[in-house]
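Right, one structure below, let's go through it.
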Protein chains: 2
Amino acid sequence: MSQDTQDKSPNRRVTIRDVARLAEVSIGTASKAMNAGGRLRQETRDKVMRVAKEIGYRPNDLAQSLHRARSRTVGILTNDSFGRFSFPIIRALEERLADQGVAVFMCNATDDPARERQHIDQLLGKRIDGLVVTARRSDRRPAILVGGIPVIYVFSQADDPDALCLLPDDEGGAVLASEHLIGLGRTRIAHITGPEHFEAVQLRHRGFKRALERAGLKSDLFLSGPWSEEWGRDAVAKLFDGADAPRPDALFCGNDQIARGAAEALRDRGIAVPRDVAIVGFDNWLVMTEAARPPLTSIDMNLPALGREAGERLLAMISGERETGTRRLPATLVVRQSTVES
Amino acid sequence: MSQDTQDKSPNRRVTIRDVARLAEVSIGTASKAMNAGGRLRQETRDKVMRVAKEIGYRPNDLAQSLHRARSRTVGILTNDSFGRFSFPIIRALEERLADQGVAVFMCNATDDPARERQHIDQLLGKRIDGLVVTARRSDRRPAILVGGIPVIYVFSQADDPDALCLLPDDEGGAVLASEHLIGLGRTRIAHITGPEHFEAVQLRHRGFKRALERAGLKSDLFLSGPWSEEWGRDAVAKLFDGADAPRPDALFCGNDQIARGAAEALRDRGIAVPRDVAIVGFDNWLVMTEAARPPLTSIDMNLPALGREAGERLLAMISGERETGTRRLPATLVVRQSTVES
DNA sequence: GTGAAAGCGCTAACAG
DNA sequence: CTGTTAGCGCTTTCAC
C-alpha cells in the first residue's frame, strides 16, 4: 500500500512524537532532524525525514511559535472597500512575505474605529509579528496603537514616530506627466483633478506647477472636482466651450477616470486627441486607459512595488531594524496614443 | 500613575500567570475567570478581570489553539490578480468571520500549482480550521487536496465530493435581464458576450434563450468575443452596419464592459439608448455602469452575499456540519437609464 | 469555589 | 552524536 506522494493523507493528528517513535529516535533528535540546525548523523537525519514524509507529518506552527519569539504571521488592515488601490499592494506584499514563510491576515475595517480596534485586538491575540496599514486613499490617518510590534503604513500615513510610511511619489509623477507634455511641444496645459482636500491632489498640483514654471509656461489652468468621468467631461466643457480664451493644447488629469471623461468630451466636440489636445491620466488603470478612445497615456504609481517594498521593510523591522519616517517610491510614465500618435 | 484605558501599553509578555499572581488566585482559577465557563464566585471573577485589564493582559491565541481543537483561523486562496471579483467576496467573508472571532489568511496563487501547494502547506502548518477557494472566473478547477478540513469553493468550483461550491446564478441572472427587456416590449434582442469556453457565458446564453423562447421570440442573435469594450463596439458594428437584416431593439451584454462599448458605439451612430435600443449589462460594476452614457442597467451577482454565505457555511462546516454539492445564489437586476428613460 | 497538576506539540538547553 | 528534560502560555480534569 505504498502511498503515492500526492496522496499524503494529511492526517492532522500526526505529531513529532509519532515520527520519533517510528524512526526509533528520541523526540528531541527528531526535532533536530526536522530543523536544519543541530549536529546529527546524516543517516539519522535521513531516517527521520523519511518517516516524517511517510506518515505525513506536518509541524504545528502554533506550537513552534510558542517557543520562538515569532509567529511568522503579520496582519494587514485596509479600509479600501473596493480594493482598487489596496488590492495590488496587498497582493504584492503577500507574495513577498509568503516567500519567507510569513502568512498574512487580512482585515477590512470600514473606517469604523471600533471595528478597527477589534481587528487589531484580534491580531494581537494571534501574536502577529508586524502590521501593515493601507487604505483607499493615501491621506493621513489616526495612528494605530499597538505596543511594540513593527507597523508600516503603505499608501497611507499617520503620526507615529515609530512607524514607517511608504507612499507613491505623487509630485514626481505629476512632474513626469507634465514634462512629457512639455516635451511634446505643448504650451497651454491644463490640470483637471480631484477634490483639493486630498493630499494627492495637492502634491500632483505642485508637481504640475513646478514643471510648467521651470519650462517658463503658465500653470494657471487648474480645475478641481470629483474623481469621476463626468467631471472630466464637464471640465472639458468649461475649458473648451467658452469661445474667448485660447484653448488648452494638453490636459494633465488627476486620474484616469477624469482623463477618460475628458477624452470622450473632446471626441464629442470633434477635437482630435492627441493632435489638437494631448491627454495624460493618472493611475494607469487598465480598464480605463486601454478602453478609452484613444488609449490613455498615464502615470503608474507602481502599487505592486510599493507592496513588495512594504514586505521587505516589514521583514527587516521584524528582525530588529528600526525604520521610520516617510518614503516615496517613484512613479512611471506609460505612454499611449492619447499623447503620441500610434 | 493610573494608566488611561487608551494607553493600554500592550506589553506582549503579560501572561495569565501574572494575572493570577496579582489577583492572588491560582492560575487555573484565573483561566476559568477569563473564559465564560466554570463555576466561580462573581467576586473572584471580577477581581481577575480587573487585574487582567489593568496590566493589559491579552490571551495568547496560539497557546489556546494548542488545546482546543480550533485555531479560529481560516485560509482564503485566490488566483484573481486584479481582485475584481474576488475582493468583494473576500471582504464580505472576512467581515462575517471576524464577527465570530475567526481571522483570515489571504493567499494569492497566480494559477501556479506549485505556489498554490506551497501556500496550502503553509496554511496547514498554521492549523487553519477551514479553507475557502476563490478565483478570477467561476470555472471548474482542480480540487485542492487537504486532509479533513472543510473546503468551500466560492465563485469557483471543483470536483471534490466533500466540498461545497457557491456560485452566482448566471442563468437566472440572464433570465432576469432578458425578461426585463421583453417586459419593455423589445422583440429583437441580441446577446453579445464573452468567450464561449467560459462556463458563465454558456449559462447566461442558456438563460437568454430560455427567456426569449418562453416569450415566443427568436434567440438567434448571439455574438461571442473577448470581454472588452472594444468587442462591444465591434459587435454593434456587426449588428447595425449591415443594412440588410432588421436591427435589434435591445442588447443583453455578457458584462458591463461589452455593454459600455456597445452603448458608445450606438451613440456614435446616433442611435438613441434606450429609445431605439435598450441595453442590459452584467456585473453591475459601478465604474462602468455609472460612467456610461447613459448609465447602464445591469445584473448584479451579489458577490458580497456570496462571500457572507461562504463564511456562514464554513463556520457550520467547522462545527461539524457536512455541506457538499453546488449552490447558486440569486442575481439581481439593477435598472438604470440604458433601459428605462429617466 | 479553588488549587494542583497534567498536558497540547514543539524546541532548546544540557547531559551523557 | 543522541536522549532527557524543562518549559512556551494556556486549559482542563481532578482533588481538596
Side-chain angles (χ1 to χ4, degrees), chain A residues 10-49 51-52 55-73 101 121-122 124-129, chain B residues 10-49 51-52 55-73 101 121-122 124-129:
Chain A
N11 190 323
R12 292 173 74 238
R13 299 252 160 280
V14 179
T15 124
I16 198 170
R17 223 185 195 81
D18 303 319
V19 177
R21 186 156 25 79
L22 269 72
E24 297 172 307
V25 296
S26 82
I27 167 172
T29 305
S31 171
K32 237 168 296 185
M34 304 301 310
N35 306 312
R39 313 254 148 278
L40 227 55
R41 214 182 345 164
Q42 192 56 37
E43 195 187 322
T44 319
R45 189 181 297 273
D46 289 346
K47 183 163 64 168
V48 172
M49 294 296 249
V51 170
I55 65 179
Y57 169 69
R58 194 189 306 283
N60 183 335
D61 276 20
L62 270 39
Q64 286 187 174
S65 306
L66 219 48
H67 288 266
R68 321 207 200 267
R70 315 266 87 102
S71 65
R72 305 195 70 69
T73 272
D121 283 337
Q122 198 198 139
L124 291 178
K126 302 254 183 249
R127 294 300 186 263
I128 50 166
D129 296 334
Chain B
N11 191 323
R12 293 172 73 238
R13 298 254 161 279
V14 179
T15 124
I16 198 170
R17 222 185 196 82
D18 304 319
V19 177
R21 187 156 24 78
L22 268 72
E24 297 171 307
V25 296
S26 81
I27 167 171
T29 304
S31 171
K32 239 168 293 184
M34 305 300 312
N35 307 311
R39 312 258 147 272
L40 227 55
R41 213 181 345 164
Q42 191 57 35
E43 195 186 321
T44 319
R45 190 180 297 273
D46 289 347
K47 184 163 62 168
V48 172
M49 294 298 248
V51 170
I55 65 177
Y57 168 69
R58 193 189 308 284
N60 183 336
D61 276 22
L62 271 37
Q64 284 186 175
S65 306
L66 219 48
H67 288 265
R68 320 204 199 271
R70 315 267 87 104
S71 66
R72 304 195 70 70
T73 274
D121 283 336
Q122 198 199 142
L124 291 177
K126 302 250 182 253
R127 293 301 186 261
I128 50 167
D129 297 334

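Any value given below was found using the heavy atoms of this structure, including those in side chains, with hydrogens, waters and symmetry copies removed. Letters go in sequence order (proteins before strands), and every chain restarts at 1.
- Contact annotation: A:T29 side-chain N/O to D:dT2 OP1/OP2 distance is not under 4.0 Å.
- Of the candidates B:V25, B:V48, B:I27, B:V48 is the only one forming a side-chain contact (heavy atoms from CB on, under 4.5 Å) with B:V19.
- A sub-4.0 Å separation between OP1 or OP2 of D:dC10 and a side-chain N or O of B:Q64 is absent.
- Two residues, B:A30 and B:A63, neighbour DNA chain C, and the one matched to the more 5' nucleotide by heavy-atom proximity is B:A30.
- When the side-chain nitrogen and oxygen atoms of A:R17 are compared with OP1 and OP2 of C:dC10, none of them lie within a distance under 4.0 Å.
- Rounded to an integer number of Å, the gap from CD1 of B:I27 to P of C:dA4 is 11 Å.
- Taking CD of B:Q42 as the reference point, atom CE of B:M49 lies at 9.0 Å (rounded to 0.5 Å).
- The phosphate of D:dT11 (OP1 or OP2) has a side-chain N or O of B:S31 nearer than 4.0 angstrom.
- If you measure from atom CG of A:N60 to atom P of C:dC10, you get 6 Å, rounded to the nearest angstrom.
- Comparing B:L66 and A:M34 by the nucleotide of DNA chain C that holds the closest heavy atom to each, the one mapping nearer the 5' end is B:L66.
- At whole-Å resolution of the value, CZ in B:R70 and P in C:dC8 are 17 Å apart.
- Distance A:R45 CZ to D:dG3 C1': 16 Å, rounded to the nearest Å.
- The distance between atom NZ of A:K47 and atom P of D:dC1, rounded to the nearest whole Å, is 15 Å.
- Summarising the geometry, the separation between CD on A:E24 and C1' on D:dT2 is reported as 14 Å, rounded to the nearest angstrom.
- Checked against C:dA13, C:dC10, C:dG1, the side chain of B:T44 finds its nearest nucleotide in C:dG1.
- Regarding contacts with the backbone of D:dC8, every side-chain N or O of B:T15 stays at 4.0 angstrom or more from both OP1 and OP2.
- Nearest-nucleotide positions on DNA chain D place A:V25 closer to the 5' end than the other of B:I16 and A:V25.
- When the C1' atom of C:dG9 is taken as reference, atom CG of A:D61 falls 11 Å away, rounded to whole Å.
- Between atom CG of residue A:D121 and atom NZ of residue A:K126 there is a gap of 12.5 Å, rounded to the nearest 0.5 Å.
- Separation of atoms CG (A:D61) and CZ (A:R72) is listed at 8.5 Å; rounding is to 0.5 Å.
- Between the P atom of C:dT11 and the CG atom of A:L62 lies a distance of 12 Å, rounded to the nearest Å.
- A sub-4.0 Å separation between OP1 or OP2 of D:dT11 and a side-chain N or O of B:R68 is present.
- Listed pair A:N35 / C:dT11 meets the phosphate criterion, a side-chain N or O lying under 4.0 Å from OP1 or OP2.
- When the options A:I55, A:L22, A:N60 are evaluated for a side-chain contact (heavy atoms from CB on, under 4.5 Å) with A:V14, the one that passes is A:I55.
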